[in-house]
S.K.: 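Quick one: the structure is below, questions incoming.
It should be emphasised that the depicted structure is a prediction, and the values quoted were computed from it without experimental measurement. A note on names: the letters A, B, ... follow the listed sequences, proteins ahead of strands, and every chain is numbered from 1. Just the heavy atoms: all of them, side chains too, but no hydrogens, waters or symmetry mates, feed the values below.
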2 protein chains.
Amino acid sequence: MSAKRQNLVLGAFELFYEKGVHAVGINEVLAASGVAKKTLYNHFASKDELVLAVLDYRNDAYLKWLGERLERVDTGAGKIDELFDALDDWFNDREEALHAFRGCFFINVSGEYGQPESAIYQKCVEHKQAVEELILAAVALLGLSEDDSVELTDALSVLKDGAITRARVQADLGAAQRAKKTARRLLAGFLGA
Amino acid sequence: MSAKRQNLVLGAFELFYEKGVHAVGINEVLAASGVAKKTLYNHFASKDELVLAVLDYRNDAYLKWLGERLERVDTGAGKIDELFDALDDWFNDREEALHAFRGCFFINVSGEYGQPESAIYQKCVEHKQAVEELILAAVALLGLSEDDSVELTDALSVLKDGAITRARVQADLGAAQRAKKTARRLLAGFLGA
DNA sequence: ACACAAGTAGACCAATCGGTCTCCTTAAAA
DNA sequence: TTTTAAGGAGACCGATTGGTCTACTTGTGT
């Protein structure tokens, strides 16, 4: 029965996302998810392994959510707009599938773990790359050159992470809509050249 | 004699920046800075107050550094280039005044502290606003309209924070130079319109 | 009906946390 | 010279950390 495991991962995610990984103890996770300590260590060898499982859970949920949002539109320019509209919904807590907005979980976690060699850190890198691939797929529909596609994808990714960061740190809930405007300006430059 | 206090703040910053605040204990700070525990609690009422002092120290050092970099150039467009060149030097550890790059200390710290009401969180917001004012001063030299100046400043700030985040999380050391390219594209759009 | 695996609750462990306190030394001001 | 405050080293405090272990209770497959 892995329902317990799921309880554990989901409960742990909510606490970690809200308070930070190091600020939440194992016992707090157990109390929140209604699972015995023995069961936790039956499923996971250590807290770090639980963190890894939580990162996997969040990665899957986030990619599924964003992928579905981008599927709603079929043009490249439309998908780029949709990306920032989706972020806007996220920032303003209109997406319950993502829980109350507290910035990017992966950025937060990697900020807590200094050493870039760790498996935890690596998961954060992989997540960012996966999201970037979704953006690249949208940009590819624009019919730009290979170089331009890569450059625009990178610019949009930076814009996205910048908006997430500012929405989080400065509680700037309009960051996504303004980033969308910037993205449109940028896109016009690429299409016009 | 507040030399001890300075030792404390500087030693604490290096550890907090490198490993995260929650991951570093008081005793580790004491050992690194060669100060007795009594002395620490003579200067600071709690660890949180030490963290606040560390945030102040970093804020001052960072603003001084960036301010001096931007003073090297006198045109608006030049200052914008200089901003991203400065970031590039920071990311690639060519600025010893800032210590080995580990992302934005304020972004990292605010990721560790969930509650946006806390004084620690507030310091992070103030830092970001102070940096944005430096950027606004550079943009103001371009002679754009009030609305355009605000919009461009916001876009550049988002680009900056996005580049910092990606440099940190993905160890993307070229992020600043590519963001500079994006900034130029954006600037051309504003100037050409 | 019985065995076995997985769950529960929670005592327990050493280590560490932030923080207090005592005792001793140093140095500068009176 | 004497007084006073600050610093050093570190014992000590209760609480909490991640993690182990025992004892008991489930539920399921044979």
Side-chain angles (χ1 to χ4, degrees), chain A residues 1-57 108-115 117-121 123, chain B residues 1-57 108-109 111-115 118-121 123:
Chain A
M1 183 181 288
S2 75
K4 296 291 172 182
R5 194 193 135 105
Q6 206 164 357
N7 283 357
L8 231 23
V9 170
L10 217 144
F13 166 71
E14 287 175 359
L15 288 170
F16 290 164
Y17 188 40
E18 194 172 339
K19 305 181 178 186
V21 175
H22 285 131
V24 174
I26 285 291
N27 295 304
E28 194 176 348
V29 171
L30 295 173
S33 53
V35 168
K37 199 176 264 197
K38 183 80 186 288
T39 307
L40 193 165
Y41 285 98
N42 196 3
H43 284 296
F44 306 100
S46 65
K47 185 187 181 183
D48 274 7
E49 284 206 14
L50 172 62
V51 173
L52 288 174
V54 169
L55 288 168
D56 277 337
Y57 155 75
N108 295 350
V109 168
S110 66
E112 282 196 70
Y113 287 82
Q115 62 291 36
E117 318 81 37
S118 74
I120 288 176
Y121 208 103
K123 289 263 184 215
Chain B
M1 184 180 289
S2 75
K4 296 291 173 184
R5 194 192 134 104
Q6 206 166 355
N7 283 358
L8 230 24
V9 170
L10 218 144
F13 166 71
E14 287 175 359
L15 288 169
F16 290 164
Y17 187 40
E18 194 172 338
K19 306 181 177 186
V21 175
H22 285 130
V24 174
I26 285 291
N27 295 304
E28 195 176 348
V29 172
L30 296 174
S33 52
V35 169
K37 199 178 262 195
K38 182 82 186 288
T39 307
L40 193 165
Y41 285 99
N42 196 4
H43 284 295
F44 305 100
S46 64
K47 185 186 182 184
D48 273 8
E49 285 206 13
L50 172 62
V51 174
L52 287 174
V54 168
L55 288 168
D56 278 336
Y57 155 74
N108 295 349
V109 168
E112 282 196 70
Y113 286 81
Q115 63 291 35
S118 74
I120 289 176
Y121 208 102
K123 290 262 184 215

S.K.: Dump the intermediate steps for side chain to side chain contact (heavy atoms under 4.5 Å, CB included) on A/Glu49 and A/Tyr41, then the final yes or no.
M.R.: CA-CA 10 Å; A/Glu49 284 206 14; A/Tyr41 285 98; over 6 Å; no
S.K.: Which of the following nucleotides, C/dG19, D/dG7, C/dA9, is nearest to the side chain of A/Lys38?
M.R.: C/dA9
S.K.: Starting at OH of A/Tyr41 and ending at P of D/dT17, how long is that distance when rounded to a whole Å?
M.R.: 11 Å
S.K.: Between C1' on D/dG18 and NE2 on B/His22, what's the gap in Å once rounded to a whole number?
M.R.: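 The distance from NE2 of B/His22 to C1' of D/dG18 comes to 17 Å, rounded to the nearest Å.
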S.K.: Given atom CG of B/Leu30 and atom P of C/dC17, what is their separation to the nearest angstrom?
M.R.: 11 Å
S.K.: With a 4.0 Å limit, can you tell me whether A/His43 has a side-chain N or O closer than that to the phosphate oxygens OP1/OP2 of C/dA6?
M.R.: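 No, outside the criterion.
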S.K.: Name every residue in residues 44-51 of chain A that has at least one heavy atom under 4.0 Å from any atom of DNA chain D, in order of residue number, or write none if there are no such residues.
M.R.: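 Within residues 44-51 of chain A, the residues near DNA chain D are A/Ser46, A/Lys47.
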S.K.: Compare every heavy atom of A/Val21 with every heavy atom of A/Lys47, then report the nearest pair and how far apart it is.
M.R.: NZ-O, 3.1 Å
S.K.: Restricting to non-hydrogen atoms, name the atom on B/Ala32 and the atom on B/Leu15 that form the minimum distance, rounded to 0.1 Å.
M.R.: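 That would be CB-CD1, 3.7 Å.
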S.K.: Test A/Asn108 against A/Glu112 for side chain to side chain contact (heavy atoms under 4.5 Å, CB included), laying out the working first.
M.R.: CA-CA 7 Å; A/Asn108 295 350; A/Glu112 282 196 70; 5.7 Å; no
S.K.: I'd like to know whether A/Gln6 forms a side chain to side chain contact (heavy atoms under 4.5 Å, CB included) with A/Tyr57, so could you lay out the CA-CA distance, the side-chain angles of the two residues, the decisive distance to 0.1 Å, and finally the verdict.
M.R.: CA-CA 9 Å; A/Gln6 206 164 357; A/Tyr57 155 75; over 6 Å; no
S.K.: From D/dG18, D/dG7, C/dG19, pick the nucleotide closest to the side chain of B/Thr39?
M.R.: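 Between D/dG18, D/dG7, C/dG19, the one nearest the side chain of B/Thr39 would be D/dG7.
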S.K.: Rounding to a whole Å, what distance do you find between A/Gln6:CD and C/dG7:P?
M.R.: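 Taking CD of A/Gln6 and P of C/dG7, I get 14 Å after rounding.
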S.K.: Think A/Lys37 has a side-chain N or O under 4.0 angstrom from the OP1 or OP2 of C/dA11?
M.R.: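 Answer no for this pair, as no side-chain N or O of A/Lys37 is under 4.0 Å from OP1 or OP2.
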S.K.: Once you round it to whole Å, what is the distance between P of C/dC17 and CG of B/Leu40?
M.R.: 14 Å
S.K.: Given B/Leu50 and B/His43, is the side chain to side chain contact (heavy atoms under 4.5 Å, CB included) satisfied, shown in steps?
M.R.: CA-CA 9 Å; B/Leu50 172 62; B/His43 284 295; over 6 Å; no
S.K.: What integer distance in Å separates B/Asn42:CG from D/dA9:C1'?
M.R.: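 Roughly 15 Å, once rounded to whole Å.
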S.K.: Any idea which heavy atoms bring B/Ala53 and B/Arg5 closest together, and the distance?
M.R.: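 Closest approach of B/Ala53 to B/Arg5, heavy atoms only: CB-NH2, 3.9 Å.
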S.K.: Please classify the nucleic acid contact of B/Val24 as base, sugar-phosphate, or nothing, using heavy-atom distances under 4.0 Å.
M.R.: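 Sugar-phosphate: the residue B/Val24, judged by heavy atoms under 4.0 Å, touches backbone atoms but no base.
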S.K.: Would a distance-only check, ignoring hydrogens and angles, find a side-chain to backbone donor-acceptor pair under 3.5 Å from B/Lys123 to B/Val51?
M.R.: no
S.K.: For A/Ser33 and A/Leu8, which heavy atoms make the closest approach, and how far apart are they?
M.R.: OG-CD1, 3.3 Å
S.K.: Can you list, by residue number, the residues of residues 13-21 of chain B that have a non-hydrogen atom closer than 4.0 angstrom to DNA chain C?
M.R.: none
S.K.: Nearest whole Å is fine: how far is C/dA6 P from A/Leu8 CG?
M.R.: 16 Å
S.K.: Measure the distance from CG on A/Asn27 to P on D/dT17 and round it to the nearest whole Å.
M.R.: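 In whole Å, D/dT17 P and A/Asn27 CG are 6 Å from each other.
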